[in-house]
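Every chain is numbered from 1, with letters handed out A, B, ... down the list of sequences.
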Protein chains: 2
Amino acid sequence: MGIKERRAREKEHLRQQILSAARELFVKEGYENVSMRKIANKIEYSPTTIYLHFKDKADLLDFVCQETLLNLLNTLEQLKSEINDPVETLRKSGRAYVEFGLKYPQDYKLTFVVRPQFQKGLGLVEGTIGEKVFNCLRETVSECIRQKIFRQVDVDTTSQVMWSAVHGVTLLLIDFPDFPWVEQDTLIDAVIRTTIEGLKA
Amino acid sequence: MGIKERRAREKEHLRQQILSAARELFVKEGYENVSMRKIANKIEYSPTTIYLHFKDKADLLDFVCQETLLNLLNTLEQLKSEINDPVETLRKSGRAYVEFGLKYPQDYKLTFVVRPQFQKGLGLVEGTIGEKVFNCLRETVSECIRQKIFRQVDVDTTSQVMWSAVHGVTLLLIDFPDFPWVEQDTLIDAVIRTTIEGLKA
DNA sequence: TATTTAACTTTACAGTGTTAATATTATATC
DNA sequence: GATATAATATTAACACTGTAAAGTTAAATA
(Lines give C-alpha, C1' and ligand atoms only; values in the text may rest on other atoms or scores of the structure.)
Protein backbone atom coordinates (compact mmCIF):
# COMPACT_ATOMS: atom_id res chain seq x y z
CA MET A 1 0.00 0.00 0.00
CA GLY A 2 3.05 2.25 -0.19
CA ILE A 3 2.45 3.06 -3.82
CA LYS A 4 -0.62 5.18 -3.21
CA GLU A 5 1.28 7.05 -0.59
CA ARG A 6 4.19 7.71 -2.88
CA ARG A 7 1.76 8.94 -5.52
CA ALA A 8 0.09 11.22 -3.01
CA ARG A 9 3.48 12.49 -1.98
CA GLU A 10 4.39 13.22 -5.58
CA LYS A 11 1.12 15.00 -6.11
CA GLU A 12 1.66 17.10 -3.02
CA HIS A 13 5.17 17.84 -4.18
CA LEU A 14 3.96 19.16 -7.51
CA ARG A 15 1.34 21.20 -5.72
CA GLN A 16 4.03 22.81 -3.63
CA GLN A 17 6.14 23.41 -6.71
CA ILE A 18 3.26 25.25 -8.32
CA LEU A 19 2.64 27.28 -5.19
CA SER A 20 6.21 28.36 -4.78
CA ALA A 21 6.61 29.20 -8.46
CA ALA A 22 3.41 31.22 -8.30
CA ARG A 23 4.49 33.06 -5.16
CA GLU A 24 7.85 33.86 -6.64
CA LEU A 25 6.35 35.23 -9.83
CA PHE A 26 3.45 37.05 -8.14
CA VAL A 27 5.88 38.77 -5.83
CA LYS A 28 8.38 39.63 -8.51
CA GLU A 29 6.08 40.68 -11.33
CA GLY A 30 2.73 41.34 -9.66
CA TYR A 31 -0.37 39.19 -9.79
CA GLU A 32 -1.76 40.77 -12.96
CA ASN A 33 1.43 40.36 -14.89
CA VAL A 34 1.81 36.68 -14.20
CA SER A 35 0.11 34.27 -16.54
CA MET A 36 -0.66 30.63 -15.94
CA ARG A 37 1.69 29.92 -18.81
CA LYS A 38 4.55 31.68 -17.07
CA ILE A 39 4.01 29.64 -13.93
CA ALA A 40 3.76 26.47 -15.97
CA ASN A 41 6.95 27.26 -17.84
CA LYS A 42 8.81 27.82 -14.63
CA ILE A 43 8.00 24.36 -13.34
CA GLU A 44 8.22 22.80 -16.80
CA TYR A 45 4.65 21.56 -16.94
CA SER A 46 1.86 22.42 -19.30
CA PRO A 47 -0.35 25.34 -18.26
CA THR A 48 -3.44 23.25 -17.77
CA THR A 49 -1.75 20.95 -15.29
CA ILE A 50 -2.12 23.72 -12.76
CA TYR A 51 -5.86 23.38 -13.06
CA LEU A 52 -5.62 19.84 -11.75
CA HIS A 53 -4.40 21.26 -8.46
CA PHE A 54 -6.07 24.65 -8.26
CA LYS A 55 -9.48 25.78 -9.37
CA ASP A 56 -8.24 28.89 -11.13
CA LYS A 57 -5.74 31.71 -10.88
CA ALA A 58 -7.56 33.35 -7.99
CA ASP A 59 -7.54 30.08 -6.09
CA LEU A 60 -3.80 29.91 -6.54
CA LEU A 61 -3.53 33.43 -5.18
CA ASP A 62 -5.63 32.37 -2.24
CA PHE A 63 -3.25 29.65 -1.16
CA VAL A 64 -0.22 31.85 -1.68
CA CYS A 65 -1.81 34.40 0.63
CA GLN A 66 -2.58 31.80 3.27
CA GLU A 67 1.11 31.02 3.45
CA THR A 68 1.85 34.71 3.85
CA LEU A 69 -0.62 35.02 6.68
CA LEU A 70 0.83 31.98 8.40
CA ASN A 71 4.21 33.61 8.18
CA LEU A 72 2.89 36.82 9.73
CA LEU A 73 1.03 34.89 12.39
CA ASN A 74 4.19 33.10 13.48
CA THR A 75 6.07 36.37 13.78
CA LEU A 76 3.38 37.94 15.92
CA GLU A 77 2.76 34.95 18.17
CA GLN A 78 6.41 34.49 18.90
CA LEU A 79 6.62 38.14 19.82
CA LYS A 80 3.73 37.88 22.21
CA SER A 81 5.23 34.93 24.03
CA GLU A 82 8.48 36.79 24.56
CA ILE A 83 7.24 39.97 26.20
CA ASN A 84 5.18 40.44 29.32
CA ASP A 85 4.08 44.07 29.32
CA PRO A 86 1.02 44.19 27.05
CA VAL A 87 1.64 47.75 25.90
CA GLU A 88 5.17 46.87 24.96
CA THR A 89 3.88 43.78 23.19
CA LEU A 90 1.42 45.89 21.29
CA ARG A 91 4.06 48.40 20.29
CA LYS A 92 6.38 45.68 19.11
CA SER A 93 3.56 43.85 17.36
CA GLY A 94 2.62 46.99 15.52
CA ARG A 95 6.18 47.48 14.38
CA ALA A 96 6.49 43.85 13.40
CA TYR A 97 3.27 44.10 11.41
CA VAL A 98 4.41 47.14 9.45
CA GLU A 99 7.89 45.75 8.97
CA PHE A 100 6.44 42.52 7.69
CA GLY A 101 4.45 44.50 5.15
CA LEU A 102 7.49 46.47 4.06
CA LYS A 103 9.72 43.42 3.91
CA TYR A 104 7.29 41.58 1.65
CA PRO A 105 5.35 44.43 0.08
CA GLN A 106 4.01 42.41 -2.80
CA ASP A 107 2.90 39.60 -0.52
CA TYR A 108 1.24 42.10 1.76
CA LYS A 109 -0.67 43.80 -1.03
CA LEU A 110 -1.55 40.47 -2.54
CA THR A 111 -3.05 39.34 0.74
CA PHE A 112 -4.68 42.49 2.06
CA VAL A 113 -5.62 44.36 -1.09
CA VAL A 114 -5.52 42.28 -4.24
CA ARG A 115 -7.01 39.11 -2.84
CA PRO A 116 -10.19 40.67 -1.43
CA GLN A 117 -10.68 42.31 -4.80
CA PHE A 118 -10.55 39.00 -6.60
CA GLN A 119 -12.54 37.00 -4.10
CA LYS A 120 -15.44 39.15 -3.14
CA GLY A 121 -17.20 37.96 -0.03
CA LEU A 122 -14.29 35.89 1.26
CA GLY A 123 -12.70 38.48 3.46
CA LEU A 124 -10.81 37.63 6.60
CA VAL A 125 -13.87 35.97 8.07
CA GLU A 126 -14.44 32.39 9.23
CA GLY A 127 -11.82 30.14 10.82
CA THR A 128 -9.03 31.33 8.57
CA ILE A 129 -5.48 32.24 9.40
CA GLY A 130 -6.33 35.86 8.77
CA GLU A 131 -8.79 35.71 11.62
CA LYS A 132 -6.10 34.23 13.84
CA VAL A 133 -3.79 37.12 13.01
CA PHE A 134 -6.41 39.60 14.06
CA ASN A 135 -7.21 37.62 17.19
CA CYS A 136 -3.57 37.66 18.15
CA LEU A 137 -3.67 41.45 18.07
CA ARG A 138 -7.03 41.45 19.82
CA GLU A 139 -5.74 39.44 22.77
CA THR A 140 -2.93 41.87 23.39
CA VAL A 141 -5.29 44.81 23.23
CA SER A 142 -7.66 42.98 25.53
CA GLU A 143 -4.91 42.63 28.10
CA CYS A 144 -4.18 46.36 27.89
CA ILE A 145 -7.80 47.08 28.66
CA ARG A 146 -8.01 44.48 31.43
CA GLN A 147 -5.03 46.03 33.17
CA LYS A 148 -6.81 49.38 32.90
CA ILE A 149 -3.96 50.85 30.90
CA PHE A 150 -6.29 51.55 28.03
CA ARG A 151 -9.59 53.38 28.18
CA GLN A 152 -12.51 51.06 28.90
CA VAL A 153 -13.82 51.03 25.37
CA ASP A 154 -15.01 47.98 23.52
CA VAL A 155 -12.15 45.55 22.86
CA ASP A 156 -13.12 45.12 19.23
CA THR A 157 -13.30 48.81 18.52
CA THR A 158 -9.90 49.31 20.07
CA SER A 159 -8.31 46.45 18.16
CA GLN A 160 -9.79 47.60 14.92
CA VAL A 161 -8.45 51.11 15.48
CA MET A 162 -5.01 49.66 15.98
CA TRP A 163 -5.28 47.56 12.86
CA SER A 164 -6.43 50.56 10.82
CA ALA A 165 -3.41 52.54 11.85
CA VAL A 166 -0.79 49.95 11.01
CA HIS A 167 -2.55 48.88 7.84
CA GLY A 168 -2.76 52.48 6.71
CA VAL A 169 0.86 53.39 7.21
CA THR A 170 2.03 50.11 5.70
CA LEU A 171 0.08 50.62 2.51
CA LEU A 172 0.98 54.26 2.14
CA LEU A 173 4.66 53.49 2.43
CA ILE A 174 4.36 50.66 -0.06
CA ASP A 175 2.19 52.46 -2.58
CA PHE A 176 3.75 55.90 -2.57
CA PRO A 177 7.46 55.31 -2.30
CA ASP A 178 8.18 58.69 -3.88
CA PHE A 179 6.06 60.74 -1.53
CA PRO A 180 8.18 63.01 0.69
CA TRP A 181 7.71 60.93 3.81
CA VAL A 182 9.53 61.84 6.97
CA GLU A 183 12.10 59.26 7.96
CA GLN A 184 10.40 55.88 7.69
CA ASP A 185 11.13 54.66 11.20
CA THR A 186 10.02 57.97 12.61
CA LEU A 187 6.70 57.70 10.85
CA ILE A 188 6.01 54.12 11.84
CA ASP A 189 6.93 54.89 15.42
CA ALA A 190 4.76 58.00 15.42
CA VAL A 191 1.77 56.10 14.09
CA ILE A 192 2.02 53.38 16.70
CA ARG A 193 2.89 55.71 19.57
CA THR A 194 0.09 58.11 18.69
CA THR A 195 -2.47 55.36 18.49
CA ILE A 196 -1.41 53.80 21.77
CA GLU A 197 -1.34 57.21 23.49
CA GLY A 198 -4.79 57.94 22.13
CA LEU A 199 -6.10 54.69 23.53
CA LYS A 200 -4.67 55.14 27.00
CA ALA A 201 -6.93 55.94 29.92
CA MET B 1 -11.01 81.45 -37.12
CA GLY B 2 -13.97 79.95 -35.25
CA ILE B 3 -13.62 76.65 -37.01
CA LYS B 4 -10.49 75.60 -35.24
CA GLU B 5 -12.14 76.41 -31.95
CA ARG B 6 -15.18 74.37 -32.77
CA ARG B 7 -12.92 71.49 -33.76
CA ALA B 8 -11.03 71.80 -30.52
CA ARG B 9 -14.33 71.82 -28.66
CA GLU B 10 -15.47 68.69 -30.42
CA LYS B 11 -12.19 67.00 -29.67
CA GLU B 12 -12.46 67.95 -26.03
CA HIS B 13 -16.03 66.68 -25.99
CA LEU B 14 -14.99 63.27 -27.23
CA ARG B 15 -12.19 63.23 -24.72
CA GLN B 16 -14.67 63.84 -21.96
CA GLN B 17 -16.95 61.15 -23.34
CA ILE B 18 -14.12 58.67 -23.20
CA LEU B 19 -13.22 59.73 -19.68
CA SER B 20 -16.72 59.42 -18.34
CA ALA B 21 -17.32 56.09 -20.04
CA ALA B 22 -14.06 54.83 -18.63
CA ARG B 23 -14.85 56.06 -15.13
CA GLU B 24 -18.29 54.50 -15.23
CA LEU B 25 -16.94 51.14 -16.33
CA PHE B 26 -13.88 51.19 -14.06
CA VAL B 27 -16.10 51.89 -11.08
CA LYS B 28 -18.74 49.34 -11.99
CA GLU B 29 -16.56 46.47 -13.14
CA GLY B 30 -13.10 47.23 -11.81
CA TYR B 31 -10.08 48.43 -13.73
CA GLU B 32 -8.83 44.96 -14.67
CA ASN B 33 -12.16 43.82 -16.01
CA VAL B 34 -12.64 46.75 -18.35
CA SER B 35 -11.18 46.49 -21.81
CA MET B 36 -10.47 49.27 -24.22
CA ARG B 37 -12.99 47.62 -26.51
CA LYS B 38 -15.69 47.85 -23.86
CA ILE B 39 -15.03 51.54 -23.40
CA ALA B 40 -15.05 52.05 -27.16
CA ASN B 41 -18.32 50.19 -27.53
CA LYS B 42 -19.95 52.32 -24.90
CA ILE B 43 -19.19 55.53 -26.76
CA GLU B 44 -19.70 53.91 -30.17
CA TYR B 45 -16.22 54.50 -31.46
CA SER B 46 -13.54 52.08 -32.54
CA PRO B 47 -11.12 50.97 -29.83
CA THR B 48 -8.13 52.65 -31.37
CA THR B 49 -9.75 56.06 -31.33
CA ILE B 50 -9.12 56.16 -27.62
CA TYR B 51 -5.40 56.08 -28.35
CA LEU B 52 -5.70 59.39 -30.17
CA HIS B 53 -6.65 60.98 -26.88
CA PHE B 54 -4.84 58.90 -24.27
CA LYS B 55 -1.46 57.24 -24.35
CA ASP B 56 -2.69 53.93 -23.01
CA LYS B 57 -5.06 52.34 -20.52
CA ALA B 58 -3.00 53.44 -17.53
CA ASP B 59 -3.02 57.01 -18.81
CA LEU B 60 -6.79 56.86 -18.98
CA LEU B 61 -6.85 55.63 -15.39
CA ASP B 62 -4.61 58.50 -14.45
CA PHE B 63 -7.02 61.13 -15.68
CA VAL B 64 -9.99 59.39 -14.13
CA CYS B 65 -8.15 59.48 -10.81
CA GLN B 66 -7.31 63.14 -11.16
CA GLU B 67 -11.01 63.89 -11.39
CA THR B 68 -11.58 61.86 -8.25
CA LEU B 69 -8.88 63.76 -6.40
CA LEU B 70 -10.33 67.07 -7.53
CA ASN B 71 -13.65 65.98 -6.17
CA LEU B 72 -12.11 65.07 -2.82
CA LEU B 73 -10.13 68.28 -2.72
CA ASN B 74 -13.28 70.36 -3.17
CA THR B 75 -15.01 68.55 -0.34
CA LEU B 76 -12.11 69.10 2.04
CA GLU B 77 -11.43 72.72 1.13
CA GLN B 78 -15.05 73.70 1.51
CA LEU B 79 -15.05 72.08 4.92
CA LYS B 80 -12.00 74.00 6.02
CA SER B 81 -13.48 77.32 5.01
CA GLU B 82 -16.61 76.65 7.04
CA ILE B 83 -15.13 75.84 10.43
CA ASN B 84 -12.81 77.86 12.60
CA ASP B 85 -11.60 75.50 15.31
CA PRO B 86 -8.72 73.56 13.72
CA VAL B 87 -9.29 70.43 15.79
CA GLU B 88 -12.91 70.39 14.77
CA THR B 89 -11.87 70.95 11.17
CA LEU B 90 -9.46 68.06 11.40
CA ARG B 91 -12.09 65.78 12.89
CA LYS B 92 -14.59 66.70 10.21
CA SER B 93 -11.98 66.43 7.49
CA GLY B 94 -11.07 62.97 8.65
CA ARG B 95 -14.68 61.92 8.59
CA ALA B 96 -15.18 63.50 5.18
CA TYR B 97 -12.13 61.71 3.86
CA VAL B 98 -13.30 58.29 5.03
CA GLU B 99 -16.86 58.95 3.91
CA PHE B 100 -15.61 59.96 0.51
CA GLY B 101 -13.77 56.68 0.26
CA LEU B 102 -16.80 54.70 1.31
CA LYS B 103 -19.13 56.60 -0.97
CA TYR B 104 -16.95 55.97 -3.99
CA PRO B 105 -15.04 52.87 -2.95
CA GLN B 106 -13.98 51.91 -6.43
CA ASP B 107 -12.81 55.42 -7.22
CA TYR B 108 -10.90 55.50 -3.98
CA LYS B 109 -9.14 52.22 -4.59
CA LEU B 110 -8.47 53.17 -8.18
CA THR B 111 -6.78 56.36 -7.05
CA PHE B 112 -4.97 55.29 -3.93
CA VAL B 113 -4.19 51.66 -4.58
CA VAL B 114 -4.58 50.59 -8.19
CA ARG B 115 -3.09 53.66 -9.80
CA PRO B 116 0.20 53.62 -7.92
CA GLN B 117 0.53 49.98 -8.88
CA PHE B 118 0.18 50.74 -12.55
CA GLN B 119 2.27 53.87 -12.62
CA LYS B 120 5.29 53.09 -10.56
CA GLY B 121 7.23 56.15 -9.60
CA LEU B 122 4.42 58.60 -10.19
CA GLY B 123 3.03 58.68 -6.71
CA LEU B 124 1.36 61.69 -5.20
CA VAL B 125 4.42 63.76 -5.76
CA GLU B 126 4.97 66.96 -7.82
CA GLY B 127 2.41 69.70 -8.31
CA THR B 128 -0.53 67.34 -8.64
CA ILE B 129 -3.96 67.51 -7.15
CA GLY B 130 -3.04 64.66 -4.84
CA GLU B 131 -0.39 66.86 -3.32
CA LYS B 132 -2.96 69.59 -2.82
CA VAL B 133 -5.22 67.18 -0.98
CA PHE B 134 -2.43 66.30 1.38
CA ASN B 135 -1.48 69.95 1.82
CA CYS B 136 -5.03 70.77 2.75
CA LEU B 137 -4.80 68.27 5.58
CA ARG B 138 -1.33 69.48 6.44
CA GLU B 139 -2.45 73.09 6.87
CA THR B 140 -5.12 72.10 9.36
CA VAL B 141 -2.68 70.01 11.32
CA SER B 142 -0.20 72.88 11.21
CA GLU B 143 -2.77 75.17 12.78
CA CYS B 144 -3.37 72.64 15.57
CA ILE B 145 0.32 72.65 16.35
CA ARG B 146 0.64 76.42 16.09
CA GLN B 147 -2.15 76.87 18.61
CA LYS B 148 -0.28 74.44 20.89
CA ILE B 149 -3.23 72.06 20.96
CA PHE B 150 -1.08 69.33 19.47
CA ARG B 151 2.26 68.17 20.71
CA GLN B 152 5.16 70.09 19.17
CA VAL B 153 6.20 67.36 16.80
CA ASP B 154 7.14 67.86 13.21
CA VAL B 155 4.16 69.00 11.13
CA ASP B 156 4.84 66.47 8.41
CA THR B 157 5.09 63.55 10.78
CA THR B 158 1.84 64.55 12.40
CA SER B 159 0.01 64.97 9.10
CA GLN B 160 1.29 61.68 7.82
CA VAL B 161 0.12 59.92 10.95
CA MET B 162 -3.33 61.35 10.43
CA TRP B 163 -3.37 60.30 6.81
CA SER B 164 -2.25 56.77 7.72
CA ALA B 165 -5.14 56.40 10.13
CA VAL B 166 -7.90 57.51 7.79
CA HIS B 167 -6.42 55.70 4.82
CA GLY B 168 -6.19 52.51 6.84
CA VAL B 169 -9.72 52.44 8.13
CA THR B 170 -11.10 53.42 4.74
CA LEU B 171 -9.37 50.59 2.94
CA LEU B 172 -10.17 48.00 5.57
CA LEU B 173 -13.85 48.85 5.45
CA ILE B 174 -13.83 48.73 1.66
CA ASP B 175 -11.79 45.57 1.26
CA PHE B 176 -13.23 43.43 4.03
CA PRO B 177 -16.93 44.16 4.03
CA ASP B 178 -17.64 40.81 5.67
CA PHE B 179 -15.28 41.21 8.58
CA PRO B 180 -17.15 41.53 11.89
CA TRP B 181 -16.51 45.24 12.26
CA VAL B 182 -18.07 47.14 15.10
CA GLU B 183 -20.65 49.64 13.93
CA GLN B 184 -19.10 51.54 11.06
CA ASP B 185 -19.60 55.05 12.42
CA THR B 186 -18.28 53.96 15.78
CA LEU B 187 -15.11 52.67 14.20
CA ILE B 188 -14.47 55.69 12.03
CA ASP B 189 -15.09 57.98 14.97
CA ALA B 190 -12.84 55.90 17.20
CA VAL B 191 -10.01 56.00 14.67
CA ILE B 192 -10.17 59.76 14.27
CA ARG B 193 -10.73 60.50 17.94
CA THR B 194 -7.92 58.19 19.02
CA THR B 195 -5.46 59.71 16.59
CA ILE B 196 -6.35 63.26 17.58
CA GLU B 197 -6.16 62.40 21.29
CA GLY B 198 -2.82 60.77 20.73
CA LEU B 199 -1.51 63.88 19.02
CA LYS B 200 -2.66 66.30 21.69
CA ALA B 201 -0.16 67.95 23.97
C1' DT C 1 -2.66 -9.60 -20.63
C1' DA C 2 -6.86 -6.50 -20.76
C1' DT C 3 -9.04 -2.79 -18.64
C1' DT C 4 -9.61 0.91 -15.76
C1' DT C 5 -7.80 5.00 -13.64
C1' DA C 6 -4.91 8.87 -12.96
C1' DA C 7 -1.76 12.39 -14.68
C1' DC C 8 -0.62 15.25 -18.03
C1' DT C 9 -0.66 17.59 -22.77
C1' DT C 10 -2.55 19.39 -27.07
C1' DT C 11 -5.73 22.04 -29.17
C1' DA C 12 -8.91 25.51 -29.31
C1' DC C 13 -11.80 29.61 -28.12
C1' DA C 14 -12.93 34.04 -27.07
C1' DG C 15 -10.92 37.69 -25.20
C1' DT C 16 -6.90 41.26 -24.09
C1' DG C 17 -3.74 45.90 -25.00
C1' DT C 18 -1.67 48.00 -28.59
C1' DT C 19 0.60 49.25 -33.29
C1' DA C 20 0.85 50.13 -38.21
C1' DA C 21 -1.39 50.86 -42.28
C1' DT C 22 -5.41 52.39 -44.31
C1' DA C 23 -9.56 54.84 -45.16
C1' DT C 24 -12.59 58.60 -44.48
C1' DT C 25 -13.81 62.98 -43.72
C1' DA C 26 -13.60 68.07 -43.30
C1' DT C 27 -11.00 72.09 -44.16
C1' DA C 28 -7.88 75.17 -46.84
C1' DT C 29 -6.02 76.47 -51.20
C1' DC C 30 -6.12 77.26 -56.00
C1' DG D 1 -16.20 74.21 -57.76
C1' DA D 2 -12.08 71.07 -58.03
C1' DT D 3 -8.03 69.64 -55.73
C1' DA D 4 -4.57 69.21 -52.15
C1' DT D 5 -3.89 68.83 -47.24
C1' DA D 6 -4.56 67.95 -42.78
C1' DA D 7 -7.23 65.73 -39.00
C1' DT D 8 -9.68 61.98 -37.51
C1' DA D 9 -11.35 57.47 -37.35
C1' DT D 10 -11.15 52.56 -38.72
C1' DT D 11 -9.52 47.91 -40.13
C1' DA D 12 -6.36 44.31 -39.70
C1' DA D 13 -2.97 42.26 -37.27
C1' DC D 14 0.23 40.66 -33.42
C1' DA D 15 1.38 38.46 -29.46
C1' DC D 16 -0.63 37.68 -25.50
C1' DT D 17 -4.39 36.13 -21.77
C1' DG D 18 -7.46 32.44 -18.74
C1' DT D 19 -9.42 28.30 -19.23
C1' DA D 20 -12.59 24.17 -21.21
C1' DA D 21 -12.65 19.94 -23.82
C1' DA D 22 -10.62 16.33 -25.88
C1' DG D 23 -6.76 13.45 -26.56
C1' DT D 24 -2.60 10.91 -24.96
C1' DT D 25 0.29 8.28 -22.15
C1' DA D 26 1.72 5.58 -18.30
C1' DA D 27 0.73 3.01 -14.27
C1' DA D 28 -2.39 0.06 -11.25
C1' DT D 29 -5.81 -3.28 -10.89
C1' DA D 30 -8.34 -7.32 -12.30
Side-chain angles (χ1 to χ4, degrees), chain A residues 1-19 21-26 28-65 110 114-115 117-120, chain B residues 1-19 21-26 28-65 110 114-115 117-120:
Chain A
M1 252 305 160
I3 287 166
K4 269 217 169 104
E5 289 170 11
R6 194 208 67 213
R7 286 277 217 155
R9 227 164 34 232
E10 282 174 0
K11 187 161 182 169
E12 180 57 26
H13 178 68
L14 178 50
R15 198 190 137 89
Q16 288 306 323
Q17 270 198 292
I18 296 171
L19 266 181
R23 138 157 283 122
E24 208 170 307
L25 288 170
F26 285 166
K28 187 160 47 160
E29 322 202 353
Y31 179 71
E32 336 288 336
N33 304 317
V34 174
S35 69
M36 296 303 253
R37 285 166 177 82
K38 271 189 200 165
I39 300 171
N41 267 339
K42 199 175 174 73
I43 56 169
E44 299 180 291
Y45 276 81
S46 83
T48 46
T49 295
I50 300 171
Y51 290 89
L52 301 172
H53 296 263
F54 299 93
K55 191 177 150 289
D56 54 22
K57 200 183 166 190
D59 192 39
L60 200 45
L61 171 64
D62 217 32
F63 282 95
V64 167
C65 291
L110 233 39
V114 178
R115 191 173 79 122
Q117 202 167 34
F118 282 82
Q119 324 223 336
K120 292 212 159 163
Chain B
M1 256 306 156
I3 286 167
K4 268 218 169 105
E5 291 171 12
R6 196 210 64 214
R7 286 274 218 156
R9 226 164 36 231
E10 283 174 357
K11 188 163 182 168
E12 180 56 28
H13 178 69
L14 178 50
R15 199 191 136 89
Q16 288 305 324
Q17 271 197 289
I18 296 171
L19 265 182
R23 138 155 282 123
E24 208 171 306
L25 288 171
F26 284 166
K28 188 159 45 159
E29 322 201 354
Y31 179 71
E32 335 288 335
N33 304 316
V34 173
S35 68
M36 298 302 253
R37 286 165 176 85
K38 270 189 199 165
I39 300 170
N41 267 340
K42 199 175 173 73
I43 56 170
E44 297 180 294
Y45 276 80
S46 83
T48 47
T49 295
I50 300 173
Y51 289 88
L52 301 173
H53 297 263
F54 299 93
K55 189 179 150 288
D56 53 23
K57 199 184 166 190
D59 192 39
L60 199 45
L61 171 64
D62 216 31
F63 282 95
V64 166
C65 291
L110 233 39
V114 178
R115 191 173 80 122
Q117 203 167 34
F118 282 83
Q119 324 222 335
K120 292 214 159 165

Exercise for review: Compare side-chain N and O positions of A:Ser35 against OP1 and OP2 of D:dT17 and report whether any pair is under 4.0 Å apart.
Suggested key: yes
**Study point:** Atom-to-atom span, CG of A:Asn33 to C1' of D:dT17 - whole angstrom
**Key:** 12 Å
Exercise for review: Tell me which nucleotide among C:dG17, C:dT10, C:dT16 gets nearest to the side chain of A:Thr48.
Suggested key: C:dT10
Point to revise | Rounded interatomic separation in angstrom, taking CG from A:Asp56 and C1' from D:dT17 | key: 14 Å
Point to revise | Euclidean distance, atom CD of residue B:Glu12 to atom P of D:dT8 [Å, nearest integer] | key: 12 Å
Practice item. Report which part of the nucleic acid B:Leu14 touches: base, sugar-phosphate, or nothing (heavy-atom distance under 4.0 Å, all strands). Key: sugar-phosphate
Point to revise | Residue mapping more 5' on DNA chain D - nearest nucleotide basis, B:Leu52 or A:Arg37 | key: B:Leu52
Review point. At under 4.0 Å, does any side-chain N or O of B:Thr49 touch on OP1 or OP2 of D:dT10?
Key: yes
Point to revise | Value in whole Å for how far the P atom of D:dT17 lies from CG of A:Leu25 | key: 12 Å
Review point. Which nucleotide sits closest to the side chain of A:His53: D:dA9, D:dT19, C:dC8?
Key: C:dC8
Exercise for review: Identify the two heavy atoms, one from A:Leu61 and one from A:Phe26, that lie closest to each other, and give their separation to 0.1 Å.
Suggested key: CA-CE1, 4.0 Å
Check your understanding: Which part of the nucleic acid, if any, lies within contact of B:Tyr45, taking any heavy atom under 4.0 Å across all strands shown: a base, the sugar-phosphate backbone alone, or nothing?
Key -> sugar-phosphate
Practice item. May I ask you to check if B:Arg23 and B:Phe63 form a cation-pi contact, with NZ or CZ under 6.0 angstrom from the six-membered ring centre and within 45° of the axis? Key: no
Practice item. Check the distance between C:dT25's P and B:Glu10's CD and give it to me in whole angstrom. Key: 15 Å
**Study point:** Cation-aromatic face contact A:Lys57/A:Tyr31, 6.0 Å, 45 degrees
**Key:** yes
Check your understanding: How close or far is atom C1' of C:dC8 from atom CD of A:Gln17, stated in whole angstroms?
Key -> 14 Å
Exercise for review: Provide, to the nearest angstrom, the distance between the NZ atom belonging to A:Lys11 and the P atom belonging to D:dA28.
Suggested key: 15 Å
Review point. Nearest-Å distance, CG (A:Asp59) to P (D:dA20)?
Key: 12 Å
Point to revise | Donor-acceptor under 3.5 Å (B:Asn33 side chain, B:Glu29 main chain) | key: yes
Check your understanding: Quick check: are there more than 12 heavy atoms from other residues, nucleotides or ligands sitting under 6.0 Å from CD of B:Glu10?
Key -> yes
